[in-house]
Every structure is written in C-alpha cells, then in structure tokens.
There are 2 protein chains.
Amino acid sequence: MSKASPMDVNNKSCYFSLSVLENDWFKEINDGWPGYSINIQVEEILFNGKSDYQDILVFKSKRFGNVLVLNGIIQCIEWDEFAYQEMITHLPMALHPNPQKVLVIGGGDGGVVRELLKYDCVRKVILCEIDQVVLDLCKKHLPSMSSCLDDPRVTINIGDGVEFIKKHPEEFDVIITDSPDPEADAEALFNKSYYTDLKGALKQDGIACSQGLTPYTDLPFIRNLVAQCKDIFPKVGYATGNTPLYAMGTLGYLLFSSIPDIDFTKPLRKFSNSDLERMKLKYYNSDIHAASFVLPNCFRNELQDFLDT
Amino acid sequence: MSKASPMDVNNKSCYFSLSVLENDWFKEINDGWPGYSINIQVEEILFNGKSDYQDILVFKSKRFGNVLVLNGIIQCIEWDEFAYQEMITHLPMALHPNPQKVLVIGGGDGGVVRELLKYDCVRKVILCEIDQVVLDLCKKHLPSMSSCLDDPRVTINIGDGVEFIKKHPEEFDVIITDSPDPEADAEALFNKSYYTDLKGALKQDGIACSQGLTPYTDLPFIRNLVAQCKDIFPKVGYATGNTPLYAMGTLGYLLFSSIPDIDFTKPLRKFSNSDLERMKLKYYNSDIHAASFVLPNCFRNELQDFLDT
C-alpha cells in the first residue's frame, strides 16, 4: 500500500485542528466528558496536521515527554504509557499457556508490540494499523515505544483491522485491540459484528483483550458492549487499571475467550521478581492481574450479569 | 470559639485568589503537579474568598455538582466524592471489631462523618476542623455531605487537630485524618511528631487512616512518610483507590496500628450485598478492600521495605 502523505499544518491558520491549544497548553476537550478537561503544558509542537483518517497532534510536553493526540484525544504520553500498554498486553498473555502468534489491531505507536516481544514464546506479531502517518510519526517522535517495530518477528500490515480479521480464521493465540475510543473509524471496533469476527480469527483456545473505555464516563456504553459480547463469547471479563494522564485516571480492559473453564482472574503465567525486572515491568504483576478484576460497587452492579469475573 | 468571619471577595478585583478561573473554567494549577492541570467547567461561583486559614472557592460546576476548592486545590466534588470518603472511612472501620469512639481530623465537609454514622456500633464521633468557614460553606453548599453533622452522635470541635490529639491519650478506636495535601497548615499533619501523637490518642487496639497523597506525583514524599511511620507504629499499610476528578485519578490511604498481628488486607467486617445496599456504598466492598493494597511495581518497589501490606 502506498504511503499516505500527511498534511502538516503547523503555522497554517486555515486549518481547524480538533486539538485545542491555548497559550502553551493542550486542552483535552471532548463530548465524551463534557465540563471536564485534562490539560498538558506544551514545550514544542512536533506535528499538527491531518492524515487520510484523522486529525493528529504530536507535541513535546514540559514535564511528561512526548504526547500523541488523535482527533483531540490523548492516545499516549511517554511518562505514563507503561500502565496501559502493560495491562492490555499482559492480562491476556499471562492467561495463555503458549502464545506464539499474536495480532494487534491498532496500536501504531508500538507500545503493545514492545510488551509482546518480551515473551520468548512469541514467534510472530502482526500489527494491523490503518494509518501509515501514525506509524511514521511514532517512529520519529516516540522511539521508546516504536523502535521494537523493526524486530524480525514483527509484520506490519497497513490496513483496516475489521477487514483483516475476517480473512484470517482461527489463526491467532492472542488478539489485542488497541484502539482509540469509539469515535469516527474506531467505532467499527466496538460492536457485535467486530466481536463475531474477532472470535473467528482466534484459535479455539485463544484469548482476546480490547481497550475497554473508562466506566466513569462510559458505563452505559460498556454495559451494552459486554452484553453483546456475552452473546458471542462464552467467557467475558472486565478489568480496570490506573491511567493517570487519561481522562478520569482509570481505563478498562475487556477480556474474551471461548475456553469454557477459563478464570480470567487467575494468570497461568506468574511472574517472579526477576521476571518483572527482566521484562522491565513498571505496573503489571500477578497480584495486580487478580486485583484488576475487582470493581467498585457502582460498576459491578451494572456489569456483573454479563461478566465471568 | 467565636465564629470566624470570612472575606467574600466575589467581584472584588483587589483580591488575588489562589484559584485560577479563566472564562468559565476552573483550572487546578499547582506546584505539586507542574505542567498538568484538571479543569472543571463552572456554572456559577458560590463563594470565592478567604478565611483566617486559607483561600476558599466553592462553585457549582456544569456537570459534576458543587465543588470545594482550598488554596487552589480541589477538595471534593459532589459527583465523585463517594470514592474517597468511602475508602478513607471503611478501610479502618472494617478492620476494627467494635469501633465506638471515632475522631476525624479535618474533614469539615462532613463526608467522612456521613460514612461513620452508617455503623450502629459508633456512639461518638468528634470532628476536629480548624476552619469554621469551611464548615459553614459546606453546610450551605454541600448538604449531601454535611447534613449528617447535626446528628446527636457528632461533636464538632473547631480547632487545631495537632493540639487536640495531644490532649486525648488512648481515647479513640479509630482516627481518620482527612486533610488537604501537605501545604500551608496541613503540613503539620504529615510528619513524625503528628504520627507520634496520633499513636498516643489511639487506644491500644485502635486503627488510624490518613489521606496518603497520590504516588503518581508524590512517591518520594510518601516513601519518606511511611519510613517515618514505621519507626512509630508496629504496623503500617498503604492502599490506593480511584479518585477520578482528583489529579492523576488515584489517591493513597495510609493505615497505622499497634495491633501486632493485624493484617490490613483482611477486613474483620465483611459486608453482604444487603449491607452494601443499606449503607448505600457505591465504591467500597470487601473485595475492593483487599485489592486496594495491591500496588503496581513502581510503587511497591519503593515502599515495600516499610510496609506490612
């Protein structure tokens, strides 16, 4: 596929960016959480423009390293990206006895792939990212996440994940959907049709994990989502973890499997302290794994009818 | 003690408030987290002024109910205050077999007292708040938290908590320090001298819990604090929980006791579903209690030498 050419609109006043920049601050204003905004002070704008798919801002922050913003929403920040990348990767990976072939839908920053390559058993990782411009910008500005994409075990497929999984039945041990929130193109990664195809692309004993939004703003949407998933997968789980610089500071992770007796709260793979050190894990450990499925009452009461955790 | 008279500075341009208000947004800008700020949209300013002790802002937000701000820092927001109030109260209360007499240092909003009064065994609650103006403003603008302060089991002491605990040796089953972060007067609630007096005011089998800051911004300070506490109390614990509208979305809770065999992670009092419903608990449950002591590696590695959890 030919390389998309981004339109860099730095200093071009004709462009109306979806990212709100005022004085030297980025303001994350979004309909998903009206009346609330996380603001990050900007040191330098590295890219502000559009690809064929989305509005993209990359900036160096004063205190938190480089920041990737898509359609006005923070996607990752160097300072705290470890918390999200580790959870969305190691929750499903620690539940699989021998994950060899893994698919990542989205995740063009490379953070999930970096975590996957920490497993010796992993032989092949396919990254299916729709937007070449995101890959190029991350390669340039987020090397601590993206440099792993040069690893020989990694294949990059530029294209639509929704179409990709339809064409690869029963192929993957683990599938991780590392997507933005369900707006614009990413909406297609949060519905029954997608989860049906996801099940089809997993091996019989496969495990999938998807970005699960934050219950503090999206509880009715999440409830509807897990209800739909429960019609498709015999086992559905929902965990949460800290994501300090994302809106509301907490993000959810959806787990799916067709293994009838799987207990998502009990990792098969338990990491010793030397494992944690070797893998440079700053957030995830085996106790965090189990604890992450424990939900506050206000979420548990809404979701428990559809969950196996 | 005579009632302090606040200076209400609404519309008085001579006053330089510590709270940053721009257009119709409150911006929580603070040296504790430079380069980052949570912003809340304002519907109406209810009070903006000073007491003898601090700068106070109360506003009605567009989406999250009323908000209390002290010295420019959000103290509580009606929408999510339950998460903090429930954790700082029920963590120590569920660990005590029969808490009858409880002291709250700070907590003038009444949220902790509201949670304490849910226990039939509680006979007396003393609230020791330094600032009458905070009490008056909360009574007016945060009735869902403060109305409980009229309960006959509650005694309000307007004064300095540091001095109060020195004069009440071995008197309390549970002591909760519900303070702002350690700036200005609240600094006195985060040092060895205070923790020594705290131990003195607790009965032999008493349990104390203090606001424990957020490890995402204050880890070196917290490390120093738990190290000091460990010199004083035989048992020290550190839990965390979601606080979506506070900076970084996660807050810590420090637990202290002289009971030699206490396991902070195992509540003596386990709440059934009907207990949770009767007590209207939206966050805390017995599984959350245990899970809240599980820390991400980056915090565990720094704190575990001084912790019994």
Side-chain angles (χ1 to χ4, degrees), chain A residues 22-25 27-29 33-43 61-64 79-80 82-83 86-87 214-217 240-251 271 273 276-277 280-301, chain B residues 22-25 27-29 33-43 61-64 79-80 82-83 86-87 214-217 240-251 271 273 276-277 280-301:
Chain A
E22 267 182 29
N23 302 321
D24 61 341
W25 288 78
K27 301 173 79 163
E28 193 192 41
I29 289 178
W33 41 83
Y36 163 90
S37 131
I38 283 185
N39 293 9
I40 306 284
Q41 202 171 9
V42 177
E43 172 92 27
S61 69
K62 280 261 189 206
R63 297 275 178 165
F64 304 103
W79 184 78
D80 75 335
F82 67 92
E86 291 185 19
M87 285 294 277
T214 175
Y216 284 105
T217 55
T240 63
N242 303 163
T243 44
L245 296 178
Y246 284 141
M248 304 283 159
T250 294
L251 209 70
F271 296 137
N273 284 341
L276 298 176
E277 208 169 311
K280 294 180 183 160
L281 297 184
K282 291 193 270 183
Y283 191 92
Y284 179 92
N285 59 56
S286 303
D287 294 330
I288 282 278
H289 183 119
S292 69
F293 290 94
V294 178
L295 300 178
N297 305 325
C298 52
F299 306 145
R300 192 174 69 172
N301 294 346
Chain B
E22 267 182 29
N23 302 321
D24 61 340
W25 288 79
K27 301 173 78 164
E28 194 192 41
I29 289 176
W33 42 82
Y36 163 90
S37 131
I38 283 186
N39 293 10
I40 306 285
Q41 202 171 7
V42 177
E43 172 92 27
S61 69
K62 279 262 189 207
R63 297 275 179 165
F64 304 103
W79 183 78
D80 75 336
F82 67 91
E86 290 185 20
M87 285 294 276
T214 175
Y216 284 104
T217 56
T240 64
N242 303 163
T243 45
L245 296 178
Y246 283 142
M248 303 283 159
T250 294
L251 209 70
F271 295 136
N273 284 340
L276 298 177
E277 207 168 312
K280 295 180 183 162
L281 296 184
K282 291 193 269 184
Y283 191 92
Y284 179 93
N285 59 55
S286 304
D287 294 329
I288 282 279
H289 183 120
S292 68
F293 290 94
V294 177
L295 300 178
N297 305 325
C298 53
F299 307 145
R300 191 174 70 172
N301 294 345

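Throughout, protein chains are lettered first and strands after them, A, B, ... in sequence-line order, and every chain is numbered starting at 1.
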Value for NZ (A:K282) from CZ (B:F299), rounded to nearest 0.5 Å, stands at 10.5 Å
At a heavy-atom separation under 4.5 Å, does A:T250 approach chain B through its side chain, its backbone, both, or neither? side chain
If you define the side chain from C-beta out and look only at heavy atoms, does anything of B:L276 sit under 4.5 Å from A:R300? yes
Region of B:N273 in contact with chain A, defined by heavy-atom distances below 4.5 Å: side chain
Cut-off 4.5 Å, heavy atoms of chain A, and the answer for B:W25 is side chain
Side-chain donor or acceptor of B:D287 paired with backbone N/O of A:V294 under 3.5 Å: no
Working to the nearest 0.5 angstrom, can you tell me the gap between B:N242 CG and A:Y216 OH? 3.5 Å
For chain B, find which of A:L295, A:N285, A:I38 contributes the most heavy-atom pairs closer than 4.5 angstrom. A:N285
Which region of A:F64, side chain (C-beta onward) or backbone (N, CA, C, O), has a non-hydrogen atom less than 4.5 Å from a non-hydrogen atom of chain B, or is it both or neither? side chain
Looking only at heavy atoms and a cut-off of under 4.5 Å, which of B:G249, B:A290, B:C298, B:P296 has the most pairs with chain A? B:P296
Hey, could you give me the CG/CD distance between B:N301 and A:E277, rounded to the nearest 0.5 Å? 8.0 Å
Would you say the side chain of B:Y36 lies within less than 4.5 Å of the side chain of A:N39, judging by non-hydrogen atoms? no
Which region of B:F82, side chain (C-beta onward) or backbone (N, CA, C, O), has a non-hydrogen atom less than 4.5 Å from a non-hydrogen atom of chain A, or is it both or neither? side chain
Sort A:I40 into side chain, backbone, both or neither according to what part of it lies under 4.5 angstrom from a heavy atom of chain B. both
Contacting moiety of B:Y246, where chain A heavy atoms sit under 4.5 Å: neither
Are B:D80 and A:M248 packed together at the side-chain level, in the sense that at least one heavy-atom pair is separated by less than 4.5 angstrom? no
Examine whether an atom of A:W79 lies under 4.5 Å from a heavy atom of chain B, and if so say whether it belongs to the side chain, the backbone or both; otherwise answer neither. side chain
Point-to-point distance, once rounded to the nearest 0.5 Å, from NZ of B:K27 to NZ of A:K27: 5.5 Å
